[in-house]
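Take a look at the structure below.
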Amino acid sequence: TNDDAVFDVALQTLLAERFHLALHRETRTIQAYVLETGKGGAKFEKDDGGEGKTDAGHGRLNARNTSMDHLAEVLSRGMDLPVVNRTGLEGVFKLKLEWTPEKELSRPNAGPSIFTAIQEQLGLRLRSAKAPVEVLVIDRAEKPTEN
């Protein structure tokens with residue numbers, strides 16, 4: 001959103017002034033999870049293109065009008081590797097996903113892992129592979145200056 005962009009600029013300015021932080025973005029080929037369409041195809045519907053909304057929490061995700069790139073971004077936040085969209089699916093979709101977080105999989109009656117849930121509930125799959133990913137590289141950082 002626009003508010004997020006304003007916050008990002010303010011935060012970048014603060015970090016640059018206080019820590020003399022200098023960084024840049026670059027693409028590197030690193031280990032990641034690749035999000036792909038499964039053999040049976042996607043198991044979710046296109047959405048109407050209205051306002052996007054994502055509600056994600058402990059082992060659940062409900063999203064409306066969300067792209068596959070956004071899904072990959074949301075999944076990346078909770079995984080040990082970045083997630084890269086390679087589904088080839090264009091447009092926005094209505095998605096619902098429920099899984100058991102990895103730390104809780106050993107519990108009795110645990111639900112599916114994120115990998116199984118994505119396959120069974122969305123018709124997609126996550127596989128580990130080396131993939132080009134945009135990363136932030138810190139060029140310089142110093143001890144903070146006094147206020």
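From T37, atom OG1 reaches atom CG of L89 across 4.0 Å, with rounding to the nearest 0.5 Å. With rounding to the nearest 0.5 angstrom, the CZ atom of R64 is 4.0 Å from the CG atom of D47. Atoms CG and CG, on L136 and L21 in that order, are 9.0 Å from each other to the nearest 0.5 Å. Note: L35 CG to R127 CZ = 10.5 Å, rounded to the nearest 0.5 Å.
The heavy-atom pair separating A63 from T54 by the smallest distance is CB-OG1, 4.0 Å. The two atoms that bring N65 and E51 nearest to each other are ND2-O, 3.2 Å, heavy atoms only. Here the closest non-hydrogen pair linking Q31 and L81 is O-CD2, 3.7 Å. Annotation for A131 and V34: closest pair CB-CG2, 4.4 Å, computed over non-hydrogen atoms.
Contact check on K94 versus D48 returns no salt bridge, with no Lys/Arg side-chain nitrogen under 4.0 Å from an Asp/Glu carboxylate oxygen.
The salt bridge (charged side-chain N to carboxylate O under 4.0 Å, His left out) check on R125 picks up E36, with sequence neighbours excluded. Under the rule for a side chain to side chain contact (heavy atoms under 4.5 Å, CB included), A16 has no partner lying at least two apart in sequence or in another chain. In this structure N109 satisfies the side-chain hydrogen bond (donor to acceptor under 3.5 Å, both in side chains) test with no other residue, sequence neighbours excluded. Remark: E102 pairs with no residue by the salt bridge (charged side-chain N to carboxylate O under 4.0 Å, His left out) rule, at least two apart or across chains. Under the salt bridge (charged side-chain N to carboxylate O under 4.0 Å, His left out) criterion, K53 pairs with no residue at all, not counting sequence neighbours. With sequence neighbours left out, N85 forms a side-chain hydrogen bond (donor to acceptor under 3.5 Å, both in side chains) with D69, T87. Partners of N62 by side-chain hydrogen bond (donor to acceptor under 3.5 Å, both in side chains), not counting sequence neighbours: none found. Applying the salt bridge (charged side-chain N to carboxylate O under 4.0 Å, His left out) criterion to E142, with sequence neighbours excluded, gives R140.
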List the atom pairs, with distances to 0.1 Å, where a side-chain N or O of residues 114-121 and a protein N or O form a donor-acceptor pair under 3.5 Å, not counting sequence neighbours.
from, atom 1, to, atom 2, distance (Å)
T116, OG1, S113, OG, 3.3
Q121, OE1, E98, N, 2.8
Q121, NE2, E98, O, 2.8

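Taking 4.5 Å as the limit, some side-chain heavy atom of S128 sits within range of a side-chain heavy atom of Y33. Between L122 and K43, the closest side-chain pair of non-hydrogen atoms is not below 4.5 Å.
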Exercise. Could you check M68 against L124 for side-chain contact (heavy atoms from CB on, under 4.5 Å), going step by step and ending with a plain yes or no?
Key: CA-CA 11 Å; M68 290 294 104; L124 304 175; 4.1 Å; yes
Practice problem: Assess whether side-chain contact (heavy atoms from CB on, under 4.5 Å) is satisfied between T66 and V74, documenting all intermediate values. | Solution: CA-CA 10 Å; T66 194; V74 171; over 6 Å; no
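Summarising the hydrophobic clusters (Ile, Leu, Val, Met, Phe, Trp, Tyr; side-chain heavy atoms under 4.5 Å, direct or chained), the residues clustered with V84 are I30, V133, V135, V137.
Listed by first and then second residue, the salt bridge (charged side-chain N to carboxylate O under 4.0 Å, His left out) pairs involving residues 74-90 are E73-R77 (not counting sequence neighbours). For residues 42-75, the pairs satisfying ring-ring contact (aromatic ring centres under 6.0 Å, His included) are F44-F93, with sequence neighbours left out.
For S76 (side chain) and V83 (main-chain N/O), a donor-acceptor pair under 3.5 Å exists by modelled atom type.
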